[in-house]
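One structure is given here, and the rest of the page talks about it.
In the text below, chain A, chain B and the rest are named by the order of the sequence lines, each starting its count at 1.
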Amino acid sequence: MSFSICVAQCTDSLAATMDDQARIMQSIGGVSLAGHSVQGGMALPPPHGHDGSDGDGRKQDIGDILHQIMTITDQSLDEAQAKKHGLNCHRMKPALFSVLCEIKEKTGLSIRGSQEEDPPDPQLMRLDNMLLAEGVAGPEKGGGSAAAAAAAAAASGAAGDNSIEHSDYRAKLTQIRQIYHTELEKYEQACNEFTTHVMNLLREQSRTRPISPKEIERMVGIIHRKFSSIQMQLKQSTCEAVMILRSRFLDARRKRRNFSKQATEILNEYFYSHLSNPYPSEEAKEELAKKCSITVSQVSNWFGNKRIRYKKNIGKFQEEANLYAAKTAVNAAHAAAAAVQNSQANSPTTPNSGGYSAPCYQSDGRIQ
DNA sequence: AGGTATGATTATCT
DNA sequence: AGATAATCATACCT
């Protein structure tokens, strides 16, 4: 996840590819020593025709140059730069370069690796989709976090309820989002920097050894792949973080507490006194919610559950129904009595006083 | 511990 | 958009 790891990995990969090249160089060097230089020696005999001594000197010279080439990577940058310049101006350089080109052509190193194109990784797509859905990826500024919050609120069923937990959740999510984006940016920047660096390096090297544009392209591809695999790690861990956050906050709300006795009382009262049409209006729901100190969506849930469960097994709820019918009847009676008293009309019999007539249920469970 | 009650979620329908 | 029905997951009771 950390940037340093990423860079380390990339540096590793670069080191590996450099190793590769060193090996190539070595093999080329071997061949040219075994073949061409001897041939060259025959084609260009020593100028003054002296016996082998001058030829030996040249071989010595070439061996020396090759040695310099091979060890150039071990030296400090300035040192190497100076050496490189010296070698570049060496009179044998064009010859060596063409030899290298020829050998490379023969060994077919320049052709390999042209077939690999990026197949869209299904797992990467999965991660991308999830991050997008969670509002972590996607458009950054302005509506970004707000949209994520709105999505979370919408998912929870009722916007605005549990606002404390919600804002907490939202804060954590934006935190994750921010980390994700800064890391992503860092990776991108590092990738670009690294790519241009390597490209410059290769371009520069192409003056001393044959490197085709194809190869540079390939190298860029390798770097990009490496970096995107690191990005995938970032995405993976971001996904994990979001999942943990979700399970801790959103799913925590799934952990239910039973409503208070009072609340269920009020809800049941409403339900059984509106048995013929137990569908509270929005306003009624709001009022019930306020009275029970629960949310409107909880009221909706309660009525949804109640309706279906009542309908499913009316018999089981008979007792409860009677109980609440009695209660509302008593309430009504009290209210009526109060009203009567208030209106100072003296009627001898209070309706339903002292008892209640059990409600008559139809087969569909509705009060007649 | 196991069964039931219950609040929440989900898919589907209208 | 709201209702329903099935289902999940936990609370609560025995």
Side-chain angles (χ1 to χ4, degrees), chain A residues 126-127 129-136 138 143 146-173 176 239-328 359 361-368:
Chain A
R126 206 170 52 83
L127 289 172
N129 286 341
M130 185 189 153
L131 289 173
L132 217 60
E134 296 296 334
V136 174
S156 84
D161 63 346
N162 292 328
S163 54
I164 303 134
E165 277 185 29
H166 240 138
S167 62
D168 209 1
Y169 172 79
R170 205 164 35 193
K172 288 260 162 59
L173 194 70
I176 289 173
C239 273
E240 268 167 37
V242 171
M243 291 308 255
I244 290 165
L245 186 69
R246 272 184 79 89
S247 66
R248 209 166 279 163
F249 281 86
L250 292 184
D251 294 352
R253 283 177 300 166
R254 200 187 165 92
K255 249 187 179 180
R256 65 181 184 82
R257 304 248 75 196
N258 286 2
F259 296 154
S260 71
K261 209 112 195 338
Q262 244 181 329
T264 34
E265 196 100 324
I266 292 163
L267 293 167
N268 272 317
E269 245 168 67
Y270 188 98
F271 180 79
Y272 286 109
S273 63
H274 296 76
L275 246 195
S276 59
N277 185 34
Y279 296 89
S281 65
E282 198 57 34
E283 299 89 76
K285 279 184 195 170
E286 275 165 31
E287 198 182 323
L288 285 168
K290 201 149 75 174
K291 273 205 250 179
C292 302
S293 51
I294 56 177
T295 68
V296 172
S297 58
Q298 281 178 306
V299 173
S300 296
N301 285 341
W302 191 90
F303 273 89
N305 284 322
K306 191 73 185 181
R307 280 192 297 263
I308 194 73
R309 283 164 187 165
Y310 181 82
K311 197 176 104 179
K312 245 181 169 169
N313 191 353
I314 294 167
K316 200 170 78 179
F317 289 91
Q318 197 64 254
E319 205 180 319
E320 193 179 68
N322 291 342
L323 200 129
Y324 281 99
K327 200 172 279 200
T328 52
Y361 293 98
Q362 290 183 319
S363 60
D364 66 353
R366 293 178 179 178
I367 285 178
Q368 199 167 34

Under 3.5 Å, is there a donor-acceptor pair linking the side chains of A:Tyr310 and A:Glu320?
no
Answer yes or no: does a side-chain N or O of [X] lie under 4.0 Å from OP1 or OP2 of [N]?
| X | N | answer |
| --- | --- | --- |
| A:Lys312 | C:dA6 | yes |
| A:Arg257 | C:dC12 | yes |
| A:Gln298 | B:dG7 | no |
| A:Asn301 | B:dA8 | yes |
| A:Lys306 | B:dG7 | no |
| A:Arg309 | B:dA5 | no |

Using atom types as modelled and distance alone, determine if a side-chain donor or acceptor of A:Ser293 lies under 3.5 Å from a backbone N or O of A:Lys290.
no
Nearest non-hydrogen partners of A:Leu288 and A:Pro280, listed with the distance:
CD1-CB, 4.4 Å
Shortest non-hydrogen contact from A:Pro278 toward A:Phe303
O-CD2, 3.8 Å
Starting at atom [atom1] of [X], determine the distance to atom [atom2] of [N], rounded to an integer number of angstrom.
| X | N | atom1 | atom2 | answer |
| --- | --- | --- | --- | --- |
| A:Leu267 | B:dT6 | CG | C1' | 12 Å |
| A:Phe317 | B:dT4 | CZ | P | 14 Å |
| A:Lys316 | B:dA5 | NZ | C1' | 8 Å |
| A:Asn268 | B:dA5 | CG | P | 14 Å |
| A:Phe303 | C:dA5 | CZ | P | 17 Å |
| A:Asn277 | C:dA3 | CG | P | 10 Å |
| A:Ile308 | C:dT4 | CD1 | C1' | 5 Å |
| A:Arg307 | B:dC13 | CZ | P | 19 Å |

What about A:Asn258: does its side chain form a donor-acceptor pair under 3.5 Å with the base of B:dA5?
no
As an exercise, state the distance from CD1 of A:Ile294 to CG of A:Leu267, rounded to the nearest 0.5 Å.
5.0 Å
Would you indicate what A:Lys285 reaches in the nucleic acid, counting non-hydrogen atoms under 4.0 angstrom: base, sugar-phosphate, or nothing?
sugar-phosphate
Between B:dT6, C:dA6, C:dT4, spot the one nearest the side chain of A:Asn305, thanks.
C:dA6
